[in-house]
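To start, the structure under review is shown below, and the notes come after it.
Order of listing sets the numbers, starting from 1, for every ligand and every atom in it. Atoms considered below: every heavy atom in the structure, side chains included; atoms not considered: hydrogens, waters and symmetry mates. We're numbering straight along the sequence, starting at 1.
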Amino acid sequence: MPGKHKTILLWVLTICITTPAVGVGEELTEECAELSNSTWQEYRQQRARLRLRYLVLTRKNPDCAHVFTQDAHEPSGFNVSLPTKVIIHGYRAMGSRPSWVKELARTLLRAQDANVLVVDWVYGASFAYNLVVQNYKEVSIQISILINQLQNQGCRLESFHFIGISLGAHVAGFIGTLFEGKIGRITGLDPAGPMFKGADTFDRLDPSDAQFVDAIHTDSDYFGISIPVGHVDFFLNGGKDQTGCARSKFASMYGYVICDHMRALHVYMSAINGSCPLTGIPCSSYEDFLKGNCMTCEVFKGRCPTIGLSENSGIAVSPILKEQKLFLLTSSSPPFCTHHILLELEVSPLGKSAELEVKLTTGALEEEQRLRLQTDATMYRTVWAYPVALCEIGSIQVRNTGARFYRQGDVHVKSVCLSEFPSLRPEEPLCVNDVHVRRGAPWSHDYVQACGDF
Ligand SMILES: *[C@@H]1O[C@H](CO)[C@@H](O)[C@H](O)[C@H]1NC(C)=O
Ligand SMILES: *[C@@H]1O[C@H](CO)[C@@H](O)[C@H](O)[C@H]1NC(C)=O
Ligand SMILES: CC(=O)N[C@H]1CO[C@H](CO)[C@@H](O)[C@@H]1O
């Protein structure tokens with residue numbers, strides 16, 4: 001009997017071990033495609049070849065890309081009745097495959113039932129930047145041939161939405177030029193700046209390339225372009241330096257160098273996820289925006305444009321305006337949203353320059369802002385990226401911090417006001433009047449307020 005028992009045990013064990021192995025084998029028959037990566041050697045041998053490929057992801061295969069093929073016997077899952085999101089990556093300095101493509105595809109598919117068509121032009125996009133720039137129009141032409149074929153199969157040009165990252169934004173722009181602006185939408189995520197800023201609109205992304213063009217700018221002083229290229233152009237934190245990027249001492253050199261540039265992509269994905277609104281305020285310059293000189297979206301009939309997939313960025317005015325510079329502040333990590341709080345402070349004329357520190361407190365959260373006061377000004381306005389809404393702010397404290405350095409005397413604050421923008425409802429600013437801030441004696445005030453149901 002013990003012998004038979006062992007045999008059964010062995011048999012059970014064998015099933016347990018082999019069954020999953022068979023399962024794994026079956027799964028592998030459905031092969032998932034990856035983007036290419038190229039090496040310097042390969043690049044030198046095949047310099048002239050672009051080796052363009054396309055991958056397809058849909059809601060049926062959101063995590064497993066299929067190589068695009070028009071062969072009816074090997075369908076890639078592309079469905080001509082659905083809208084199509086075309087992802088175009090940018091320059092690949094080291095020939096590596098872009099690692100973020102899968103996440104962007106998944107984020108898009110969660111938000112919309114669509115075909116995601118990924119353009120793999122890693123071979124043409126790697127190593128010498130100036131040579132890559134020479135390639136990009138050829139890449140656009142090849143993609144446009146595919147779009148033409150898809151059009152013949154029943155896809156409408158308006159149903160294409162190109163999402164181009166960095167140099168990919170200009171690839172999309174040139175495809176748009178080839179289709180005379182009839183493509184539905186192009187989104188440029190920090191469109192490349194080097195060799196494009198001074199370029200003719202024929203050579204770079206511009207509003208005539210599609211029915212609607214939106215762009216997000218996050219590194220316009222380095223890898224990104226500093227001029228507006230779309231109907232709406234969101235300049236995050238002024239469009240140059242992003243919070244949480246500049247001082248990440250321990251990040252890798254590569255991460256440090258491209259952190260600002262890649263922020264556009266991360267904010268875009270977060271916006272599509274839809275956990276909080278990222279809206280831009282039209283303004284002529286970031287300096288004006290930071291002074292609180294632009295607080296409304298009147299030019300858009302009160303509806304501020306939002307980052308993400310909503311049609312025309314949520315703009316209702318028509319015809320759609322062009323090259324609108326929009327500004328917003330973000331936080332340093334997902335979901336990146338903040339509240340814009342305008343701090344307005346009016347002081348009585350001062351005998352000497354002074355310094356004040358203003359602190360806002362909400363529960364355990366404390367944030368400070370430092371103000372340098374000059375003798376020739378009495379009004380100070382500054383916009384603050386604050387983590388919670390105005391109605392949640394519990395208290396304000398003002399300290400006379402300049403005392404040690406400037407031997408400054410008391411500061412008489414005529415009024416200190418806080419307001420939030422853009423505001424969904426008419427709200428009075430929170431003001432406190434006639435405050436004496438003495439040396440070494442901070443003044444503070446608790447707000448009595450509550451966020452109503454809205
Ligand atoms: C293609 O998409 C349409 C519209 O959503 C749907 O009705 C149809 O079943 C899809 N075709 C296939 C083969 O999945
Ligand atoms: C989007 O949401 C999904 C699911 O909630 C989450 O896993 C992912 O990290 C989010 N991505 C971003 C960029 O916020
Ligand atoms: C760094 C890297 O991902 N290298 C891969 C490039 O692609 C080849 C073939 O697909 C792989 O074998 C390498 O590991």
- Message: For E392, give me all partners under salt bridge (charged side-chain N to carboxylate O under 4.0 Å, His left out), at least two apart in sequence or on another chain.
- Response: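 Applying salt bridge (charged side-chain N to carboxylate O under 4.0 Å, His left out) to E392 gives none.
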
- Sequence neighbours left out, what passes salt bridge (charged side-chain N to carboxylate O under 4.0 Å, His left out) with K291? Give chain and number order.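 With neighbours one apart ignored, the set is empty.
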
- Query: Around ligand 2, what residues show up once you keep those with a heavy atom under 4.0 Å from it?
  - Reply: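 The 4.0 Å shell around ligand 2 contains E103, R110, M269, S270, N273.
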
- Message: Using a plain distance cutoff, I'd like to know if D113 has any nitrogen or oxygen under 3.5 Å from a nitrogen or oxygen of ligand 1.
- Response: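 Min N/O separation from ligand 1 is not below 3.5 Å for D113.
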
- Message: Ring-plane angle category for H217 and F235, please: parallel below 30°, perpendicular beyond 60°, tilted otherwise.
- Response: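 Ring orientation, 0 to 90° scale: parallel.
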
- Indicate the ring-plane relationship of F289 and F421, choosing parallel, tilted or perpendicular according to the 30° and 60° boundaries.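 Correct class here is perpendicular.
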
- Using a strict cut-off of less than 4.0 Å between a Lys/Arg side-chain nitrogen and an Asp/Glu carboxylate oxygen, indicate whether K240 and D221 qualify as a salt bridge.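 The answer is no: the pair does not qualify as a salt bridge.
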
- Query: Will you find, in the side chains of Q153 and Q149, an N or O donor that is under 3.5 Å from an N or O acceptor?
  - Reply: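 Q153 vs Q149: no donor-acceptor pair found between side chains.
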
- Message: By the side-chain hydrogen bond (donor to acceptor under 3.5 Å, both in side chains) test, which pairs, at least two apart or in different chains, include something from residues 315-334?
- Response: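 Counting only pairs at least two positions apart or across chains, the side-chain hydrogen bond (donor to acceptor under 3.5 Å, both in side chains) contacts touching residues 315-334 are N237-T330.
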
- Message: I'd like to check which ligand 1 atoms, numbered from 1 as shown, lie under 4.0 Å from a non-hydrogen atom of K60.
- Response: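 Matching atoms, with element in brackets: 12 (C), 14 (O).
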
